[in-house]
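Residue indices begin at 1 and follow the sequence shown. Nothing here was measured: the structure is a model prediction, and the numbers come from that model.
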Amino acid sequence: MPVQIFIPEHFSFQSNGSGGDNNIGGGGTAQDLSELFDVYHPPSSINSVVTVAQPTTKTGQTKRRLLVHQDGDWHRSVHIWVVDKDQEHILLQRRSGGKDTFPNCLDVSCAGHVTSGDDIDETAIRELEEELGMNNIGMDLIKDSRAFTFAASIVGETPLHGKFICQEYQEVFVLRQDGELDVTSFAPIMKEEVAGFEVAKVKDILSRLEEKDEMLVPRSTSYIQALAAAILGHKEK
């Protein structure tokens, strides 16, 4: 199965006026910088898998997305990696040019922050519908797709939003779909957030992540190893 790449018709690359960098126009902003996140206590170890012996607890404070990413507060997100039934191919999403972290990079199939007071599994279901147009995913399937929780810390800078410190408890899911993955079958509702899709071989993407391919959102070695175990380990069972 060859690599598939798809860019929706509603997207066009446009100059954002910042040193020639590109923004992807979709008639809206890529995220609401005023949405509220629950702030969590830091983990005992960063860039590592969180075990059941390391509970994640809220501080009782809520802050706007913009401030959370400026101040480096710990918050929650969901990562849903969509693979085919044989775990041979994986769906990647290209982030829009207006994102406040890693614009225009290839990333996890579907991801989103857990806003204040929201449930993790319900957030995953909502993000699948908004970003991929998948409206037939039930709660039981989502719960069965949970793979691991990861405490990730990363810093960076974007032309549109400046410096950021993203520190997240990432709830990682591996969602297996029957049949081949076809990029044209995914249709985001939140069109301003997604700049396109790509289907590639799982092992190729894992290798590119390990090699720090600049076209992919960077992941730590521990994250890559946990993801490989969640996908390929299931295949070997």
Side-chain angles (χ1 to χ4, degrees), residues 1-8 49-50 76-95 102 105-114 120-150 152 168-190 193-213 215-237:
M1 180 180 180
V3 170
Q4 299 182 49
I5 300 174
F6 173 63
I7 299 177
V49 173
V50 178
R76 295 203 81 103
S77 68
V78 295
H79 285 193
I80 306 109
W81 293 92
V82 179
V83 300
D84 59 15
K85 191 173 182 179
D86 295 327
Q87 286 84 237
E88 293 284 348
H89 294 88
I90 193 166
L91 177 70
L92 300 173
Q93 175 190 135
R94 186 173 298 280
R95 297 166 64 82
F102 302 105
C105 287
L106 287 170
D107 196 10
V108 57
S109 316
C110 175
H113 288 92
V114 181
I120 293 171
D121 294 323
E122 290 176 355
T123 297
I125 291 174
R126 184 179 65 247
E127 293 294 337
L128 284 167
E129 183 171 5
E130 291 179 353
E131 296 189 357
L132 301 185
M134 299 176 69
N135 57 10
N136 60 343
I137 305 300
M139 185 61 72
D140 289 343
L141 179 57
I142 281 295
K143 289 183 179 296
D144 290 343
S145 300
R146 278 207 188 199
F148 58 93
T149 303
F150 197 82
E168 298 178 333
Y169 289 108
Q170 299 165 341
E171 197 66 42
V172 182
F173 301 75
V174 176
L175 184 63
R176 295 169 177 86
Q177 295 290 286
D178 292 334
E180 290 188 355
L181 296 178
D182 182 355
V183 292
T184 61
S185 66
F186 299 100
I189 296 174
M190 301 294 286
E193 293 192 6
V194 183
F197 301 102
E198 180 174 324
V199 172
K201 291 183 177 180
V202 169
K203 291 184 178 180
D204 287 348
I205 294 304
L206 293 172
S207 294
R208 289 173 64 185
L209 284 169
E210 291 173 350
E211 295 164 1
K212 309 298 183 185
D213 188 326
M215 293 303 296
L216 297 172
V217 173
R219 303 292 172 196
S220 69
T221 299
S222 296
Y223 184 104
I224 299 167
Q225 291 173 343
L227 180 62
I231 299 175
L232 303 180
H234 182 277
K235 180 179 179 179
E236 294 169 358
K237 291 181 180 179

Residues forming a salt bridge (Lys or Arg N to Asp or Glu O under 4.0 Å) with D144, sequence neighbours excluded: none

Student check: side-chain heavy atoms of C110 and E131 closer than 4.5 Å: yes

K201 side chain near H89 side chain, heavy-atom distance below 4.5 Å: yes

Distance, nearest 0.5 Å, that separates CD of E168 from OG of S77: 3.5 Å

Evaluation steps, side chain to side chain contact (heavy atoms under 4.5 Å, CB included), between R76 and Q170: CA-CA 6 Å; R76 295 203 81 103; Q170 299 165 341; over 6 Å; no

Side-chain touch L92/V199, heavy atoms, less than 4.5 angstrom: no

Stepwise side chain to side chain contact (heavy atoms under 4.5 Å, CB included) test for V50 and F150: CA-CA 5 Å; V50 178; F150 197 82; 5.9 Å; no

Note, F197 side chain near P188 side chain (heavy atom, < 4.5 Å): yes

From D84 atom CG to L91 atom CG, the distance as rounded to the nearest 0.5 Å: 10.5 Å

Atom pair CD (E88) and CG (D204), whose distance is rounded to the nearest 0.5 Å: 10.5 Å

Between CD on residue E130 and CG on residue L132, distance to nearest 0.5 Å: 10.5 Å

Note, Q177 side chain near K85 side chain (heavy atom, < 4.5 Å): no

Please table the atom pairs, donor to acceptor, closer than 3.5 Å between any side-chain atom in residues 217-232 and protein atoms at least two apart or in another chain.
{"from": "R219", "atom 1": "NH2", "to": "D107", "atom 2": "OD1", "distance (Å)": "2.6"}
{"from": "S220", "atom 1": "OG", "to": "Y223", "atom 2": "N", "distance (Å)": "3.3"}
{"from": "Y223", "atom 1": "OH", "to": "H79", "atom 2": "ND1", "distance (Å)": "2.8"}
{"from": "Y223", "atom 1": "OH", "to": "W81", "atom 2": "NE1", "distance (Å)": "2.9"}

Qualifying residues under side chain to side chain contact (heavy atoms under 4.5 Å, CB included), relative to M139, sequence neighbours excluded: D121, E122, I125, K143

Pairs involving residues 120-145, ordered by first then second residue, that meet ring pair (Phe, Tyr, Trp, His ring centres under 6.0 Å) (sequence neighbours left out): none

Partners passing side-chain hydrogen bond (donor to acceptor under 3.5 Å, both in side chains) against E127 (at least two apart in sequence or in another chain): none

Value rounded to 0.5 Å, distance of CE in M134 from OG in S185: 8.0 Å

CD1 on I205 to CG on L106, rounded to 0.5 Å: 7.0 Å

Close side-chain approach of S145 to L175, heavy-atom, < 4.5 Å: yes

Partner set under side-chain hydrogen bond (donor to acceptor under 3.5 Å, both in side chains) for T149, not counting sequence neighbours: E171

Beyond-backbone contact of V78 with F173, side-chain heavy atoms, under 4.5 angstrom: yes

Full working for side chain to side chain contact (heavy atoms under 4.5 Å, CB included) between V108 and V82: CA-CA 8 Å; V108 57; V82 179; over 6 Å; no

Validation row: R94, E198 side chains within 4.5 angstrom (heavy atoms): yes

